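It should be emphasised that the depicted structure is a prediction, and the values quoted were computed from it without experimental measurement. Position 1 is the first residue of the sequence, and the numbers go up from there.
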Amino acid sequence: DDQANNQKLIESLAAIQGADRSARFVSLMVYLRHPDDPTPIVAEGAWRGRILEAPQGDSGFGYDPLFYVPETACSAAELAPEIKNAISHRGRAAALLLQRLHEC
């Protein structure tokens, strides 16, 4: 249950303020040419932010209402899907994987 998980996170971080509430999501995508591929193509995407003290926004899922994105000055739950998909950890990993595939 996303709401229960978010509430638990808020309670767990209640005594922590400012920069100590930093957070990040990380995604790895791996392309294997075959099951025994000795040189898979690996792409990592990271999305840095901080945990808010209260939820903001109604979109997304999971911790999106609590994940503040400094580059957009809002929570992940307040982002339009196309923006979130472009700048999220998954979006960054996918873009990097595509770039590396084109370089092959």
Side-chain angles (χ1 to χ4, degrees):
D1 176 19
D2 289 345
Q3 189 172 3
N5 288 339
N6 285 335
Q7 186 59 40
K8 183 177 179 179
L9 181 59
I10 290 170
E11 292 168 5
S12 297
L13 297 179
I16 299 172
Q17 300 298 314
D20 292 334
R21 294 176 74 95
S22 66
R24 72 177 171 185
F25 288 109
V26 177
S27 180
L28 287 171
M29 294 187 180
V30 179
Y31 177 79
L32 297 169
R33 293 166 194 86
H34 53 81
D36 298 319
D37 189 351
T39 56
I41 299 173
V42 180
E44 178 180 350
W47 200 16
R48 289 172 173 72
R50 69 176 168 84
I51 304 300
L52 294 166
E53 294 177 5
Q56 290 180 195
D58 299 319
S59 298
F61 63 97
Y63 296 111
D64 286 355
L66 294 178
F67 188 71
Y68 180 80
V69 183
E71 64 194 284
T72 60
C74 64
S75 77
E78 296 173 293
L79 294 173
E82 60 274 7
I83 294 172
K84 180 184 171 191
N85 290 339
I87 67 172
S88 75
H89 54 304
R90 292 181 191 97
R92 291 174 183 185
L96 183 57
L97 182 61
L98 284 173
Q99 175 187 331
R100 290 184 176 163
L101 286 168
H102 287 294
E103 292 169 357
C104 291

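With C74 as reference, L79 is the one residue of L52, I83, L79 to meet the side chain to side chain contact (heavy atoms under 4.5 Å, CB included) rule.
Atom CG in L9 sits 12.0 Å away from atom CG in D2 (nearest 0.5 Å). Here the CG-CZ distance, from L98 to R100, works out to 11.5 Å after rounding to the nearest 0.5 Å.
Scanning all heavy atoms of the two residues, the minimum distance from M29 to R90 falls at CE-O, 3.6 Å. A pairwise comparison of heavy atoms in P40 and V30 identifies CB-CG1, 3.7 Å as the closest pair. What you find for F67 and G49 is that their closest heavy atoms are CZ-N, 3.5 Å. When all heavy atoms of G57 and P65 are compared, the closest pair comes out as O-CB, 4.2 Å. Between A93 and G45, the shortest heavy-atom contact is CB-N, 3.6 Å.
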Could you walk me through whether H89 and V26 satisfy the side chain to side chain contact (heavy atoms under 4.5 Å, CB included) test, starting with their C-alpha distance in whole Å, then the side-chain angles of each, then the deciding distance to 0.1 Å, before giving a yes or no? CA-CA 6 Å; H89 54 304; V26 177; 5.6 Å; no
Is there a side chain to side chain contact (heavy atoms under 4.5 Å, CB included) between E71 and R48 once you walk through the steps? CA-CA 9 Å; E71 64 194 284; R48 289 172 173 72; over 6 Å; no
Step by step, work out the side chain to side chain contact (heavy atoms under 4.5 Å, CB included) result for D37 and T39. CA-CA 6 Å; D37 189 351; T39 56; 3.6 Å; yes
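Here the side chain of N85 pairs no donor or acceptor atom with the backbone of E82 at under 3.5 angstrom. Formation of a donor-acceptor pair under 3.5 Å by the R50 side chain with backbone atoms of Y68 is not found in this model. For the pair R92 (side chain) and W47 (backbone), a donor-acceptor distance under 3.5 Å is absent. Listed for the S75 side chain is a donor-acceptor partner under 3.5 Å among the backbone atoms of Q56.
By the criterion of side-chain heavy atoms lying less than 4.5 angstrom apart, applied directly or through intervening Ile, Leu, Val, Met, Phe, Trp or Tyr residues, I51 is grouped together with I16 in one hydrophobic cluster.
Crowding of R24 atom CZ: a count of heavy atoms from other residues, nucleotides or ligands under 6.0 Å not exceeding 12. Within a 6.0 Å sphere centred on CG of D58, other residues, nucleotides and ligands contribute 12 heavy atoms or fewer.
In this model, a donor atom of one side chain and an acceptor atom of the other lie less than 3.5 Å apart for E103 and Q99.
Taking 4.5 Å as the limit, some side-chain heavy atom of Q7 sits within range of a side-chain heavy atom of E11. For the pair P55/I10, a side-chain contact is recorded, criterion being any heavy-atom separation below 4.5 Å from C-beta on.
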